[in-house]
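Have a look at the structure below, then the notes.
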There are 2 protein chains.
Amino acid sequence: MKPLIISRAASRAGVSIETIRFYERKGLINQPPKPVSGYRTYPAETVCRIKFIRQAQELGFSLREIDELLALKAAPGTDCSDVRNRATAKLHEVDTKIEQLQGIRVALRELISVCPGRGALRACTIMESLASVEGDKEGQSSTTQKENTK
Amino acid sequence: MKPLIISRAASRAGVSIETIRFYERKGLINQPPKPVSGYRTYPAETVCRIKFIRQAQELGFSLREIDELLALKAAPGTDCSDVRNRATAKLHEVDTKIEQLQGIRVALRELISVCPGRGALRACTIMESLASVEGDKEGQSSTTQKENTK
DNA sequence: CTTGACTCCGTACCATAGTCCGGAGTGTAG
DNA sequence: CTACACTCCGGACTATGGTACGGAGTCAAG
């Protein structure tokens, strides 16, 4: 049985070697001790852990969040509800993002449907509606420089 | 009439001073010439341009894309269809993003609904399904190291 | 005419998720 | 035993959209 050196671990996990090193630097996975001479060998758990990370990424979790998830996994007293709550929070985030994008979609559709689609740019309603957003005369909520700059 | 120095331009456009400078560095807006002595004054067009940028950002355009949009605006022979095509392409991107997020949503919902929601982590089905993704024995599509690393 | 707020400018830094590089060491096939 | 491929390692670089800093100059009020 060939030792699980980094290249094999990477191909098993479906990531690049660089990604493994990156995760090691980020503390998402442990770097195996370096033998006195030779290459590091990775335990099979590391491959699982990387797959876990990729799965969670596909669900929209950031590496930071995944790190927390993995910490929960390691903590002795973790309750299932902790994990479930995180999943629920993420679901809400995803919902919000979808709503925002749907708003964008509506705006884009509107823009496109109204645009004549040919002719000089003068007549382009898209450019117009992007450009003309007049009517707000600064200083509504900003009294000083500082507030705006903060 | 007070001169439109950067702080006033920023508050009128609803961005920070730093953002204006950043856009100047990026070439999205022109930096007004510096007077021999004193502060730069911005033309009103710059404020409009910044508002245009923010509007387009809200529609999901990146700064790079907005730069192109602005270039179109400036080019003499630009046809309205150029702009329309970009908006349409962006609409497709947004649609794709929404679909991806909906896929994520479905997966998260499924995970959450199956999870008991309480009890030890051992029993947490979310963790389980994230962790157990066995069945792919590396090297399906990767013959060499290089391919994986690329 | 001083003080305090502001501008100007380059540079460095933040987060996110990696990717690439180059030199030195190592493992193995021929 | 010698190539050659691979590992190890730190550090630099990518893209995105800004934010922060520090010192020098400037403007306006008191």
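Within every chain, numbering begins at 1; the chains are lettered A, B, ... in the order of the sequence lines, protein sequences first and strands thereafter.
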Check: For B/I53 and D/dG17, what is the distance between atoms CD1 and C1' respectively, to the nearest whole Å?
Finding: 12 Å
Note to self: So, OP1 or OP2 of D/dC27: does either fall under 4.0 Å of a side-chain N or O from B/R40?
What the structure shows: no
Notebook entry, point to check: Within the modelled atom types, does a donor on one side and an acceptor on the other bring the side chain of B/R25 and the base of D/dT19 under 3.5 Å apart?
Noted result: yes
Check: What is the distance from CD of A/E65 to P of C/dT16, rounded to the nearest Å?
Finding: 9 Å
Next item on the list: Apply salt bridge (charged side-chain N to carboxylate O under 4.0 Å, His left out) to the pair B/K90 and B/E93, showing each step before the final yes or no.
Entry: CA-CA 5 Å; B/K90 183 52 64 181; B/E93 269 178 49; 2.7 Å; yes
Notebook entry, point to check: Given side chains that start at C-beta, do those of A/D67 and A/K26 come closer than 4.5 Å, heavy atoms only?
Noted result: no
Notebook entry, point to check: At what distance, to the nearest 0.5 angstrom, does CG of A/L69 lie from CZ of A/R86?
Noted result: 6.5 Å
Check: Any donor-acceptor pair under 3.5 Å linking the side chain of A/R49 with the backbone of A/L28?
Finding: yes
Notebook entry, point to check: Distance check: side-chain N/O of B/T19 vs OP1/OP2 of D/dG17, anything under 4.0 Å?
Noted result: no
Next item on the list: Considering just the side-chain nitrogens and oxygens of B/R21, establish if one lies under 4.0 Å of OP1 or OP2 belonging to C/dC9.
Entry: no
Checklist line | Within-4.5 Å side-chain heavy-atom neighbours: A/Y23 and A/T46 | finding: no
Checklist line | B/K97 atom NZ: more than 12 heavy-atom contacts under 6.0 Å | finding: no
Check: Just to confirm, is there a sub-4.0 Å distance from OP1 or OP2 of C/dG18 to any side-chain nitrogen or oxygen of A/Y23?
Finding: yes
Next item on the list: May I ask you to evaluate whether A/R64 reaches the phosphate of C/dT16, defined as a side-chain N or O under 4.0 Å from OP1 or OP2?
Entry: yes
Notebook entry, point to check: Closer than 4.0 Å, any side-chain N/O of B/S16 to the OP1 or OP2 of D/dG18?
Noted result: no
Next item on the list: Rounded off to whole Å, could you give me the CD-to-C1' distance for the B/E18 and C/dC9 pair?
Entry: 11 Å
For nucleotides 25-29 of chain C, print each protein N/O atom paired with a nucleotide N/O atom at under 3.5 Å, atom names and distance only.
| from | atom 1 | to | atom 2 | distance (Å) |
| --- | --- | --- | --- | --- |
| C/dG25 | N2 | A/Y39 | OH | 3.0 |
| C/dT26 | O2 | A/Y39 | OH | 2.6 |
| C/dG27 | OP1 | A/S37 | O | 3.3 |
| C/dG27 | OP1 | A/S37 | OG | 3.4 |
| C/dG27 | OP1 | A/G38 | N | 3.0 |

Item checked: Contact under 4.0 Å: B/Q31 side-chain N or O vs C/dC9 OP1/OP2 -> yes
Next item on the list: May I ask you to verify if any side-chain N or O of A/Q57 is less than 4.0 angstrom from the OP1 or OP2 atom of C/dG18?
Entry: yes
Item checked: Atom pair distance, as rounded to whole Å: CD1 in A/I17 and P in D/dA5 -> 14 Å
Notebook entry, point to check: Tell me, do A/V114 and A/E110 make a side-chain contact under 4.5 Å, heavy atoms counted?
Noted result: yes
Check: In whole angstrom, what separates B/F61's CZ from D/dT16's C1'?
Finding: 17 Å
